[in-house]
2 protein chains.
Amino acid sequence: MSNLTEPEKKILDAARKVFEINGYAGARMQEIADEAEISKASLHYYFRSKENLFERIFDETMTDFMQLVSTWNDDSEDWEAKLRRFICEFFSFLKTKSLLFIIGEINRNPDLLLSRRKKSKPKAKFIEYFERLQANGKVEPVNMYVIYIFMHSLCSYPILNSRMFQMTTGLNNHDFEQFMKEYPDQVADLLIFSLKRGLKETR
Amino acid sequence: MSNLTEPEKKILDAARKVFEINGYAGARMQEIADEAEISKASLHYYFRSKENLFERIFDETMTDFMQLVSTWNDDSEDWEAKLRRFICEFFSFLKTKSLLFIIGEINRNPDLLLSRRKKSKPKAKFIEYFERLQANGKVEPVNMYVIYIFMHSLCSYPILNSRMFQMTTGLNNHDFEQFMKEYPDQVADLLIFSLKRGLKETR
DNA sequence: ACCTTTGTTGACCATTTGGTCAAACCATAT
DNA sequence: ATATGGTTTGACCAAATGGTCAACAAAGGT
């Protein structure tokens with residue numbers, strides 16, 4: 001399956017860790033080598049260059065991300081339960097793989113997205129699904145692009161910026177952790193309610 | 001007022017620009033000097049070191065940010081209008097000063113926040129204000145920390161990650177721009193509605 | 001005119017860092 | 001044992017980069 005040798009996996013794990021913390025420019029090949037418990041020369045034996053290693057991590061993250069985001073099987077499950085489950089899984093994923101450095105690198109070099117435009121239509125399924133429900137009168141007529149962006153923002157940003165939120169809310173580690181455990185359900189509540197009642201008072 | 005000489009201002013503008021795009025590690029003193037149209041030696045004449053320059057930018061951004069976020073004058077204005085105006089102003093601010101690199105640096109070195117903990121209680125006014133309204137029965141009993149985080153996430157993330165949203169929505173530049181122009185009002189609608197009706201069905 | 005203070009810069013330096021390479025190491029087959 | 005092919009690494013290199021400095025220019029006061 002994974003098609004990767006043991007040392008390659010170890011290196012990729014180390015590289016992800018170092019890149020996520022330091023970004024491309026701040027990452028050091030020596031640090032990646034140390035983290036993978038090999039010499040810098042060995043690191044270059046497995047991966048030609050820093051650029052090469054970065055591309056592997058970037059591609060892997062984007063692929064996983066796109067795959068998760070475009071997962072939306074059209075089973076018969078209740079749409080509310082489906083949405084809630086999706087939000088919780090999405091949130092868990094974001095805690096695992098930090099998108100911060102990915103976003104940073106994309107901002108620095110937008111071409112990184114161009115190369116993947118072909119295989120990425122993640123919004124399609126999600127939005128099409130709810131537009132269908134909308135047509136059937138099951139949910140309110142709200143702009144689904146807005147809902148889509150709301151969902152991403154509400155799930156991603158609190159993780160990206162958790163440090164500042166912890167500071168500004170003044171919660172201690174334990175309370176904040178508890179808060180974040182309940183958080184995805186609050187997001188689900190909000191989005192479900194919005195889909196059922198719209199974004200504002202109907203006049 | 002500004003207490004800064006002309007060349008200092010020019011350098012700080014240049015530095016902000018370069019740091020925002022490249023982060024601390026990726027920023028080059030030469031590039032900042034070029035952007036400010038002076039020599040690298042002159043740059044060091046005005047600002048001892050890269051670290052020093054970074055601190056200036058970081059502090060300035062954090063100060064502006066905290067000041068904006070903690071602005072919440074207790075005038076008699078309708079709370080809905082007040083919230084809507086705040087969201088629009090917040091959104092405009094975030095378009096001007098990119099928080100992406102700030103968040104990255106904080107993640108890399110959380111101590112950057114510790115030094116400023118004293119002068120920062122930005123949540124206080126906002127949350128206290130709405131908790132007071134809540135006590136008076138003007139808004140629904142929802143967790144105000146959640147509302148606070150929702151507001152920040154909804155305003156910040158679409159700007160941070162605008163490139164990916166533009167790609168995944170498939171909107172062209174013009175349509176996306178239009179979409180983002182209407183966006184803050186949608187956020188305001190949602191939050192106002194949530195405060196008036198709660199986050200989910202009352203049972 | 002001369003001096004002092006402030007600003008400006010090319011040339012230079014020390015360190016860091018991505019990347020290379022030849023030599024050594026190790027397993028396995030012959 | 002010897003050869004072979006993959007793996008590992010210390011030593012090394014060239015380029016990039018933050019920072020310094022002496023020399024020079026500009027401005028203003030006397």
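Just so we're on the same page: letters track the sequence lines, and every chain starts at 1. What you see below is based on every heavy atom in this structure, not just the backbone, and it leaves out hydrogens, waters and symmetry mates.
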Could you tell me how far apart [X] ([atom1]) and [N] ([atom2]) are, to the nearest whole angstrom?
| X | N | atom1 | atom2 | value |
| --- | --- | --- | --- | --- |
| B:Leu43 | C:dG10 | CG | P | 14 Å |
| A:Asp34 | C:dT17 | CG | P | 12 Å |
| A:Phe54 | C:dG18 | CZ | C1' | 16 Å |
| B:Leu53 | D:dT17 | CG | P | 16 Å |
| A:Phe47 | C:dG18 | CZ | P | 16 Å |
| B:Asn52 | D:dG18 | CG | P | 14 Å |
| B:Gln30 | D:dA15 | CD | C1' | 15 Å |

Pick out the pairs of N or O atoms, protein on one side and nucleotides 19-24 of chain D on the other, that lie under 3.5 Å.
| unit_1 | atom_1 | unit_2 | atom_2 | d |
| --- | --- | --- | --- | --- |
| D:dG19 | OP2 | B:His44 | NE2 | 3.3 |
| D:dG19 | OP2 | B:Lys50 | N | 2.7 |
| D:dG19 | N7 | B:Lys40 | NZ | 3.0 |
| D:dG19 | O6 | B:Lys40 | NZ | 2.7 |

Check: B:Tyr145 ring centre within less than 6.0 Å of A:Tyr183 ring centre: no
[Y] side chain reached by [X] side chain, heavy atoms, under 4.5 Å:
| X | Y | answer |
| --- | --- | --- |
| B:Leu171 | B:Glu177 | no |
| A:Ile32 | A:Lys40 | no |
| A:Ile11 | A:Leu53 | yes |

Any residue in residues 15-28 of chain B with a heavy atom nearer than 4.0 angstrom to DNA chain D? Just list them by number, or reply none. B:Ala27, B:Arg28
Kindly write out the residues that satisfy side chain to side chain donor-acceptor pair (under 3.5 Å) with [X], not counting sequence neighbours, or none if the list is empty.
| X | value |
| --- | --- |
| B:Lys196 | A:Glu201, B:Glu80 |
| A:Asp34 | A:Gln30 |
| A:Glu182 | A:Gln178 |

Test side-chain contact (heavy atoms from CB on, under 4.5 Å) applied to [X] - qualifying residues, sequence neighbours left out:
| X | value |
| --- | --- |
| B:Ala41 | B:Ser39 |
| A:Tyr45 | none |
| A:Glu105 | A:Tyr24, A:Phe54, A:Phe101, A:Arg108, A:Leu112 |
| B:Ser49 | B:Glu51, B:Asn52 |

Only counting residues at least two apart or in another chain, list the ones meeting ring pair (Phe, Tyr, Trp, His ring centres under 6.0 Å) with A:His152. A:Phe90, A:Tyr148, B:Phe165
When you compare the protein's N or O atoms with those of nucleotides 3-7 of chain C, which come within less than 3.5 Å of each other, and at what distance?
| unit_1 | atom_1 | unit_2 | atom_2 | d |
| --- | --- | --- | --- | --- |
| C:dG7 | OP2 | B:Tyr45 | OH | 2.6 |

Determine the interplanar angle of the B:Trp72 and B:Phe86 rings, folded into 0 to 90°, and report it as parallel if under 30°, tilted if 30 to 60°, perpendicular if over 60°. perpendicular
Between protein and nucleotides 22-26 of chain C, what N or O pairs are separated by less than 3.5 Å?
none

